[in-house]
There are 2 protein chains.
Amino acid sequence: MIPFKTATPTEMRLAIRNGEFVKPTAGLCPGYAQGNLVVLPKDLAYDFLLFSQRNPKPCPILDVTEVGSREMAIVAPGSDIARDIPKYRVYENGKFVQELEDVSGIWRDDFVAFLLGCSFSFEAALMQSNIEVRHIAAGSNVPMYITNMECRPAGAFSGPMVVSMRPIPYHQVVKAAQITARFPAVHGAPVHIGDPAQIGIKDISKPDFGDAVEIKPGEVPVFWACGVTPQAVAMQSKPPIMLTHAPGYMFITDLQDHEFAAF
Amino acid sequence: MIPFKTATPTEMRLAIRNGEFVKPTAGLCPGYAQGNLVVLPKDLAYDFLLFSQRNPKPCPILDVTEVGSREMAIVAPGSDIARDIPKYRVYENGKFVQELEDVSGIWRDDFVAFLLGCSFSFEAALMQSNIEVRHIAAGSNVPMYITNMECRPAGAFSGPMVVSMRPIPYHQVVKAAQITARFPAVHGAPVHIGDPAQIGIKDISKPDFGDAVEIKPGEVPVFWACGVTPQAVAMQSKPPIMLTHAPGYMFITDLQDHEFAAF
């Protein structure tokens, strides 16, 4: 067994592949980017890629496997996307079927795996600038909401944007927008600041996914495009088969967070 | 006939559609972005989209038609991509076959049209900051070179990056890099500054495409990823059929150049 606290991404992926680590990946390999997984059959891959291209804020693509390959060759050379995530979910016709620790047994030659940027990277940047990330401070999951903002449709895929929310003190709102704007590959600048009703959120205390967090006096709810969007949209099209990571069990890449900085 | 000097993009596209304007589009609709065209059958569209996603500097995608549609619905609602460009080129099995002013007669239901960002937009930004763009001052075509920098391959598509070159005085080089970095959707920051041999260019006075320009004492050759790359790469894969715009005869969008600014 390797010491997980100091493992490199390659070592950590290997430990996961060998079944030595079956827990959520938050906090592992600090400084390295983690990613969301969506696996679809090739005949849906074009529509999904086009949907992502048209909606880069909720769907920032980090890597796409070649058809027939299980390697994330750009962000994690030598990886095996069917085994290097601690827990997967299997959906059939848009319905959750089971969780698996290894999907190599059900992998098909026509599968294409998409890796999408995740907010872990920009949350690290916020905290490094002394901006509190409430759900991390509270030890809960980030609150997520389905909005009235429609994504640009593409082929079989359409649906509303899902956003995550972080309460930010008034005097840090502009700074938070500037910091996250530097990271377009991990959702980038906020999509909305302030009044939740403007984007169709009726009750901020009742998130559609994740846990509610306290908004203190003098704080503003700030909303970012969320990586749950592509999973929700893909599921809505009821593909015969779709694999994803299980929430919180992410893919660890060789990319360092700061490599995402656009400027 | 409309007055071409003051026409809106919609009016200009209509004039072109009606055969009233069959000339290069440089200088038309100042402030509005123009785009490069690549049309491929659907069965090659996924590989081309993935190639573009993996190589965003030479292949910045502005819009993609839905299969079976000829409208660039995002950047030019109401447009007809088969008729709104003054001159097209037709390639069969990677070989140039003919030029046409209208390709609606040979359009197929399985065609997908890709519109790619073009350097006109960032050249306007450079000139607005008092940085001379040599080939425009000289009234010639921009010099372009095939480099030793390989694009990331995707499926059927692979090949070297083609770059364009603009000589910039030493004291303006950083400024030119900063200005163009703001426009990632139109090739963004330079890919190389200085010694041409570093990127495999043997003789700077002999461009592979376009016209040579003078590099004056005290000037540095600065290289940007070029929109000829995707056409060259697509052609190299010898698709049974491919349509492009004829060089200089571009598609005029409703997007204003400054909308591309990322920060």
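Chain letters run A, B, ... following the sequence lines, proteins first and then strands; every chain starts at 1.
- Heavy atoms closer than 4.5 Å to chain A are found in the side chain of Q53(B), but not in its backbone.
- Both the backbone and the side chain of A154(B) come within contact range of chain A, with heavy atoms under 4.5 Å apart.
- The heavy-atom pair separating Y46(A) from V64(B) by the smallest distance is OH-CG1, 3.5 Å.
- Contacts between S69(B) and chain A at a heavy-atom distance below 4.5 Å are absent for every atom of the residue.
- Atom CZ of R152(B) sits in a sparse spot, with 12 or fewer heavy atoms from other residues, nucleotides or ligands closer than 6.0 Å.
- Neither the backbone nor the side chain of P184(B) comes within less than 4.5 Å of any heavy atom in chain A.
- Within the 4.5 angstrom heavy-atom criterion, no atom of F48(B) approaches chain A.
- Note: K42(B) leads R182(B), K42(B), Q178(B) in heavy-atom pairs under 4.5 Å with chain A.
- Proximity to chain A involves both the backbone and the side chain of A45(B), based on heavy atoms less than 4.5 angstrom apart.
- Among D63(A), I61(A), I74(A), L50(A), the residue with the largest count of heavy-atom pairs under 4.5 Å with chain B is I74(A).
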